[in-house]
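Read through the structure below, which is laid out as C-alpha cells, and then see the notes.
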Amino acid sequence: MDAKFLKPYQPSETEPRIYKEWEESGYFNPDNLPQKNGEPFTIVMPPPNANGNLHVGHALGTTVQDILTRFARMRGKRALWIPGADHAGFETQVVYERILEKEGRSRFSMDPKDLYKEIFEFTQSNKKNMEDQVRKLGASCDWSREKFTLDPDVVERVQKTFVKMFGDGLIYRGQRTINWCPKHQTSLSDIETESVEETTPFYYFKYGPFTIGTVRPETKFGDKYVVMHPEDPRYKEYVHGQQLDLEWINGPITATVIKDEAVDMEFGTGVMTITPWHSQIDFEIAKRHNLDIEQIIDWRGKLLPIAGEFEGMKITDARAKIVEKLNAKGLLAKTDESYKNVVKRCYKCNTMIEPQIKDQWFVKMAPLAERALEAANSGRVRFIPDHEAKIFRNWMENTLDWNISRQIIWGIPIPAWEKDGEWVASAQSPGEGWTQDTDTFDTWFSSGQWPLMTTGYPDGTDFATHFPTSVMETAHDILFFWVARMLCFSLYLTNEVPFHTVYLHGLVNDANGKKMSKSKGNVIAPLDLTDKYGTDALRMALVVGNTPGTDLAMREDKVKGYKHFANKLWNISRFILENTEDADMSVEFADADQALHAEFFELAEDVTKDLEEYRFYLAAEKLYHYTWNRLADAILEESKPILNGENLDAKQSRQKFLRVALADILKLLHPFMPFITEEIWSSMPDRSNLLMITSWPTGTHASP
RNA sequence: GGGCGAUUAGCUCAGUUGGUUAGAGCGCACGCUUCACACGCGUGAGGUCACAGGUUCGAAUCCUGUAUCGCCCACCA
C-alpha cells in the first residue's frame with residue numbers, strides 16, 4: 001500500500017499534479033480517445049468574461065458541465081467540452097473604465113485606438129487568470145479548441161451574419177426611442193435596463209385651460225402639444241388641431257390640441273403634454289400625427305438651449321428649480337408626493353436611463369422568436385427544469401425588437417457603411433466616400449452565435465460532427481440574454497437547434513440566501529474554498545441537494561462536510577488496499593459477496609439513470625450514502641472478522657469484493673470528485689489507464 | 001398589470017412518475033483515544049410536510065381556493 005494513505009488526503013498537493021496528468025494525456029480532446037469514432041457528446045462552455053475572477057456560479061456551472069462530460073466520456077462517447085472566453089463588450093468596458101477612473105483618467109479623453117489596445121491587453125491577462133481558475137475546478141475541457149469571442153475568424157463570421165440578416169430584412173436601421181445611459185454614453189437593449197419602482201412626486205401643472213400631470217417637469221420645455229382621448233366627454237369642446245395660447249415655463253407659447261387613443265382617460269386628468277424625444281409613448285403619438293420632435297436633454301443629461309435660463313443644468317438639479325418657477329408663476333396646481341412610478345436604470349451603474357431618439361441597428365425579433373417557440377413547443381429543445389420553458393415562452397411571445405448598436409469601442413465593429421444618408425451592410429468598404437459605422441455590436445449578438453462559432457460553422461469539421469450540441473448548461477438569469485438568442489440565431493442560420501437540452505442552474509447565494517454582492521461584502525470566492533477544502537469538496541457541496549433552477553444558499557459548513565467525505569473515502573481506500581494486498585481476483589464470489597455485489601449494481605444503475613436524467617443532486621447524495629453508511633459503516637465493519645478469520649474462501653471472496661467495490665465506487669464518484677478518485681485509482685493494483693477514460697460500471701463485475 | 005416559483009426538523013435543503021413508522025447535511029444532547037478514519041465511532045432528541053376544502057383504498061406528492069415570501073417581464077404621462 002502506498003505510504004501516502006498514512007496521512008489524511010491532501011487536495012492542495014494532489015490536484016495540480018492530477019490535472020497536469022490529465023491534460024498531458026490528451027484525453028480532453030476527443031480525437032485522442034480510444035472511442036474517437038463513437039457517438040459525439042458535446043457541450044459548449046458559457047465563456048466566462050475575460051475581465052475578472054470566477055465566482056461561485058461559475059464553479060457550479062463548471063462542475064455540472066464537467067460531470068456531464070466525464071460521465072459521457074466514461075460511457076464511451078466522443079466527449080467534447082469546448083472552453084472559451086468572452087470579451088463581454090459593455091461589461092468589460094465598464095470594468096476598465098472603473099480602473100481608469102481610479103487612475104484619474106477617462107475614456108472620453110483617450111484616443112479610441114489606444115483605449116482598445118489597453119482593454120485588449122487587460123482581457124488577455126485576465127483570460128489566462130480565468131483559464132487557470134477553470135483548471136483548478138477540474139474542468140476536463142479541450143483547451144486545444146478554446147475560442148475567444150474576438151478571435152479574427154469569429155469577428156468575420158459574426159459580421160457575415162449581420163450582412164446576411166440585413167439582406168433578409170431581419171435587421172433594419174431606424175430612428176427609435178432607445179435606452180441611453182448618460183454615464184456610459186451608450187444605448188442599451190431593453191433587458192440591459194432594470195425597472196425599479198420608486199416613489200416620486202407627481203406634479204399637476206396648469207397648462208392653459210388644462211391641468212396636466214408629470215413626474216418629469218425637466219422635460220416639459222418643448223411641450224407644445226396637449227393630448228387627450230377623442231372620446232373624453234370632459235374635453236369635447238376642444239377639437240383636434242385647435243391652437244391655444246398659454247403661459248408656460250419660460251413665457252407664452254402656442255399649444256396644439258391632439259386627440260389620440262393612447263391617452264388613458266382614467267389616469268390623472270386625462271390630459272397630457274408630450275415630449276416625443278424622451279418618451280417612447282410620446283414618440284409614437286408624435287409619429288402618428290406627424291408632430292415636431294425636439295431634443296430637450298443632451299447626451300450627458302444636461303438641458304439644451306430650449307430650456308432657456310436652465311440651459312446646461314443637469315436634469316437632476318433642474319427639476320426642483322423648474323417646479324419652483326412654475327409654482328411662482330401660479331402654474332403648480334398640486335403635488336402628489338406618494339406617487340409610485342417605474343423608473344429604468346442602467347443595470348451596471350444604476351444611472352437613470354434617459355430615453356433618447358437615435359439611429360440604431362435593430363433586429364426584428366418576431367420572425368426569429370416564432371421559430372424558437374416552435375422548437376420549444378415541439379420538444380426539439382428541452383428545458384430542465386420544465387418550468388423554465390414557460391418563462392421562455394412568455395418572453396418569446398412578447399419580444400421587442402433588439403437594439404444591437406453600442407457606442408463603445410470594446411466590441412466587434414458593425415460592418416455597415418454610410419454615404420449621403422444611405423446605408424449598406426458589408427464587411428469591406430463599398431468604395432470611395434463611404435464611412436463605416438463607429439458603433440460596435442451588443443456583445444450578445446456575437447455570443448448568441450457561440451455554439452456555431454465554437455464548432456466551426458459553416459464548414460469546420462467539428463460543425464459536421466459536434467453540431468447541434470448535446471446540452472447547454474448555464475445560469476437561469478441569462479435565459480433571455482443568451483439562451484433565447486442562441487436558439488434564434490441557430491435556427492435562422494442552420495435550421496437546427498444549437499442544443500437539444502437546456503439545463504439551467506440557479507444562482508448561488510450566501511449562507512442566508514441573500515444575493516452575493518461586493519457592496520454587501522458577502523461574496524464567497526470559489527478558489528478560497530478549494531484552497532481550504534479541496535476542489536472535490538466544493539464540487540460535491542455545489543451539487544448535492546441542488547435542484548436545477550432553484551437558487552442555492554452556499555454554506556461553508558457544507559463544503560467542510562464534503563472535505564470530511566473525501567477523507568472518509570481516502571481512509572476506506574487505505575483499509576481496502578491494506579487488506580487486499582494478497583487478493584486473488586480470480587476466485588468466485590461467495591453467496592454473501594454475490595449479494596453485496598448485486599446490491600452495489602442496483603445503486604450503479606440508479607445513479608446512471610439519475611445522471612441520464614440530469615438528477616445530479618440525487619446521484620451525488622446516493623453515492624455519498626452508499627459509500628459512508630453502507631460500505632464504510634456496515635460492509636467494512638462486518639468484513640473485519642472475515643478478513644482476520646480462519647475461513648480462507650470467505651476471506652478471498654471478500655477481498656475480491658472489496659477491491660471490486662472500491663474500483664467501481666471510484667468510477668461512479670469520478671464525475672463528481674475527479675481528483676481524489678483519480679489519485680486513489682493511481683494506487684490500485686493492476687490499473688492500466690487513467691480513471692477518466694475507464695469504462696463506466698455496466699452491471700457485470702468490473703475491476704481495474 | 002402579466003408570467004414563474006417557493007412554503008417539509010433550530011438552520012440550509014432533498015423527497016424523481018401519489019404507496020410501508022417523512023430524509024440528509026450542519027447544529028444540538030449523551031457516551032466513546034474500538035488496531036481505516038477524532039476530517040472519526042455509537043446512541044438519541046427534534047416535523048399537525050403554510051392554511052382550508054376536494055379527488056383517492058391511500059396525498060408532503062394530484063385538483064381548487066386562501067395567506068405569506070421570492071424572482072422575472074411591462075412605454076399609464
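Each chain gets a letter, A, B and so on, in the order the sequences are listed, and its residues count up from 1. The model shown is predicted, which means the values in this text are computed figures rather than measured ones. Computed from heavy atoms alone, side chains included, the values below leave out hydrogens, waters and symmetry copies.
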Below 4.0 Å: OP1/OP2 of rA77(B) and any side-chain N or O of Y339(A) | yes
Counting any heavy atom closer than 4.0 Å, what does Y617(A) reach on the DNA or RNA strands: base, sugar-phosphate only, or nothing?
-> sugar-phosphate
The correct set of residues in residues 190-204 of chain A placing a heavy atom under 4.0 Å from RNA chain B is D190(A)
Name the nucleic acid region contacted by H476(A), choosing base, sugar-phosphate or nothing; use a 4.0 angstrom heavy-atom cut-off, strictly under.
-> nothing
Integer angstrom distance from the C1' of rG19(B) to that of rG58(B) | 7 Å
Span that lies between the P atom of rA50(B) and that of rC13(B), in whole angstrom = 15 Å
Nearest-neighbour nucleotide for the E621(A) side chain, rA24(B), rC75(B), rC73(B) considered = rA24(B)
Hey, does K640(A) reach any base, or is it just sugar-phosphate, or nothing, if we go heavy atoms under 4.0 Å?
-> base
May I ask you to decide whether R216(A) forms a salt bridge with E354(A), counting only side-chain N to carboxylate O separations under 4.0 Å?
-> yes
Between F672(A) and Y562(A), is a ring-ring contact (aromatic ring centres under 6.0 Å, His included) present by the stated rule, with each step listed?
-> CA-CA 11 Å; F672(A) 301 90; Y562(A) 289 104; over 10 Å; no
Any side-chain donor near an acceptor of the partner, N579(A) and R654(A), under 3.5 Å = no
Which whole-number value in Å describes the distance from N567(A) CG to rG40(B) P?
-> 8 Å
P atoms of rA22(B) and rA60(B), separation to the nearest Å | 9 Å
Check ion pair D292(A)-K224(A) (N to O, under 4.0 angstrom) = yes
Any K515(A) side-chain nitrogen or oxygen under 4.0 Å from OP1 or OP2 of rG70(B) | no
In whole angstrom, what separates N403(A)'s CG from rC75(B)'s C1'?
-> 16 Å
Of the candidate nucleotides rC76(B), rG5(B), rU12(B), which contains the atom at the shortest distance from the side chain of R555(A)?
-> rU12(B)
Please give, in whole Å, the distance from rU12(B) P to N509(A) CG?
-> 12 Å
F480(A) near the nucleic acid: base, sugar-phosphate alone, or nothing, with a heavy-atom cut-off under 4.0 Å?
-> sugar-phosphate
Out of rC39(B), rC37(B), rC26(B), which has the shortest distance to the side chain of D557(A)?
-> rC26(B)
Residues E198(A), R345(A): salt bridge by 4.0 Å N-O rule = yes
When you match F481(A) and N394(A) each to their closest nucleotide on RNA chain B, which lands nearer the 5' end?
-> N394(A)
Would F600(A) and Y626(A) count as a ring-ring contact (aromatic ring centres under 6.0 Å, His included) if you check the C-alpha gap in whole Å, the side-chain angles of each, and the deciding distance to 0.1 Å?
-> CA-CA 9 Å; F600(A) 176 84; Y626(A) 178 84; 5.6 Å; yes
Between rG40(B), rA36(B), rA77(B), which nucleotide has the shortest distance from any of its atoms to the side chain of W628(A)?
-> rG40(B)
Watson-Crick or G-U stems of RNA chain B, 3 or more pairs, under 3.5 Å, by first number | B:1-7 with B:67-73, B:10-13 with B:23-26, B:28-32 with B:40-44, B:50-54 with B:62-66
Which whole number of Å gives the distance between the C1' atom of rG15(B) and that of rC49(B)?
-> 11 Å
Contact class for R615(A) (heavy atom, under 4.0 Å): base, sugar-phosphate, or nothing?
-> base
For atom P, what is the distance between rC41(B) and rU55(B), given to the nearest Å?
-> 49 Å
Rounded to the Å, how far apart are H625(A) NE2 and rG25(B) P?
-> 5 Å
Take atom C1' in rC28(B) and the same atom in rC11(B), then report the distance between them in whole Å.
-> 12 Å
Verify the contact: side-chain N or O of K568(A) to OP1 or OP2 of rC41(B), cut-off strictly under 4.0 Å; return yes or no.
-> yes
Expressed as a whole number of Å, how far does the C1' atom of rG46(B) sit from that of rG27(B)?
-> 12 Å
Rounded to the nearest Å, what distance is computed from the CG atom of residue D386(A) to the C1' atom of nucleotide rU16(B)?
-> 12 Å
What nucleic acid atoms does K7(A) come within less than 4.0 Å of, heavy atoms only: base, sugar-phosphate, or nothing?
-> nothing
When you get a sec, tell me which of rG5(B), rU12(B), rG40(B) is the closest nucleotide to the side chain of H387(A)?
-> rG5(B)
Classify the nucleic acid contact of D477(A) as base, sugar-phosphate or nothing, counting any heavy atom under 4.0 Å across all strands shown.
-> nothing
Across the strands shown, which category fits I391(A) at heavy-atom distances under 4.0 angstrom: base, sugar-phosphate, nothing?
-> sugar-phosphate
Between rC37(B) (P) and I676(A) (CD1): distance, integer Å = 16 Å
Could R319(A) and E218(A) be called an ion pair, given the rule that one side-chain N must be under 4.0 Å from one carboxylate O?
-> yes
Run the salt-bridge test on D232(A) and K259(A) with the 4.0 Å N-O cut-off and return the result as yes or no.
-> no
Separation of D633(A) atom CG from rU34(B) atom C1', in whole Å?
-> 14 Å
Strand contacts (RNA chain B) in residues 529-551 of chain A, 4.0 angstrom heavy-atom criterion | G545(A), T547(A), T550(A)
Euclidean distance for P, rC62(B) against rU20(B) (whole angstrom) | 16 Å
Does E578(A) or V263(A) map to a spot on RNA chain B nearer the 5' end, using the closest nucleotide for each?
-> E578(A)
